[in-house]
A.B. asks: 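The structure's right below; bear with me while I get my questions together.
In this chain, residues are counted from 1 in sequence order. Just so we're clear, the structure is a prediction, and the values are computed from it rather than from any experiment.
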Amino acid sequence: TFRTDPLDGSFVYSNPAEGILNAKVSKWFQEAVRGSIYVSEVYISSLTKAYCITIACPVLKGGEVIGVLGIDVKVT
């Protein structure tokens, strides 16, 4: 479901669907909302129990942050 405020931390899409419900308190989300690209250290995912990194970047329109794109990348 698309939210009216894409900066409230709600997900438009999440895979797996059982992921976190809201990203507002996550460091990666907060950094991207401020306009920065965020790359985490390697950590163990609480969902997959595998090593990964999180990469997040702001989605811009006319220089304004209108959303955040975040992905977890498995590290092997």
A.B. asks: For a quick test of reading the model, state the closest non-hydrogen atom pair linking F29 to A23 and the distance between them.
C.D. replies: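 Reported closest heavy-atom pair: CB-O, 3.1 Å.
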
A.B. asks: May I ask whether I53 and I44 are part of the same hydrophobic cluster, defined by side-chain heavy atoms of I, L, V, M, F, W, Y residues being less than 4.5 angstrom apart, directly or through others?
C.D. replies: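 Yes: a chain of side-chain contacts under 4.5 Å links I53 to I44.
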
A.B. asks: Keeping N22 on the side-chain end and D8 on the backbone end, is there a donor-acceptor pair under 3.5 Å?
C.D. replies: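 Flag set: sc N22 to bb D8 pair under 3.5 Å.
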
A.B. asks: Give the minimum heavy-atom separation between C57 and I37, together with the two atoms involved.
C.D. replies: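 Nearest heavy atoms, C57 then I37: CB-CG1, 4.0 Å.
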
A.B. asks: For residues 49-60, pull every pair meeting salt bridge (charged side-chain N to carboxylate O under 4.0 Å, His left out), keeping only residues two or more places apart or in separate chains.
C.D. replies: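 Listed once each, the pairs would be none.
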
A.B. asks: Give every residue pair that meets the salt bridge (charged side-chain N to carboxylate O under 4.0 Å, His left out) criterion with at least one member in residues 27-36, sequence neighbours excluded.
C.D. replies: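 Checked against salt bridge (charged side-chain N to carboxylate O under 4.0 Å, His left out) - neighbours excluded - the pairs reaching residues 27-36 are E31-R34.
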
A.B. asks: Do you know the tightest heavy-atom contact between T54 and Y43?
C.D. replies: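 Where T54 meets Y43 most closely, the heavy atoms are OG1-OH, 2.6 Å.
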
A.B. asks: According to a 4.5 Å side-chain heavy-atom criterion applied to Ile, Leu, Val, Met, Phe, Trp and Tyr, with indirect links allowed, do L60 and I71 form part of one hydrophobic cluster?
C.D. replies: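 Per the 4.5 Å side-chain linkage, L60 and I71 are not co-clustered.
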
A.B. asks: Minimum heavy-atom separation for Q30 and K24, please, with both atom names.
C.D. replies: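 Taking Q30 first and K24 second, the nearest heavy atoms are NE2-O, 3.2 Å.
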
A.B. asks: Between V25 and L7, is there a shared hydrophobic cluster once you connect ILVMFWY residues whose side-chain heavy atoms come closer than 4.5 Å?
C.D. replies: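 Unlinked, V25 and L7 end up in two clusters.
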
A.B. asks: Please confirm whether the backbone N or O of L47 pairs with a side-chain atom of S45, one donor and one acceptor, at under 3.5 Å?
C.D. replies: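 Side chain of S45 to backbone of L47, a donor-acceptor pair under 3.5 Å: yes, one is there.
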
A.B. asks: Side chains of residues 62-70: which donor-acceptor partners sit under 3.5 Å, not counting sequence neighbours?
C.D. replies:
none

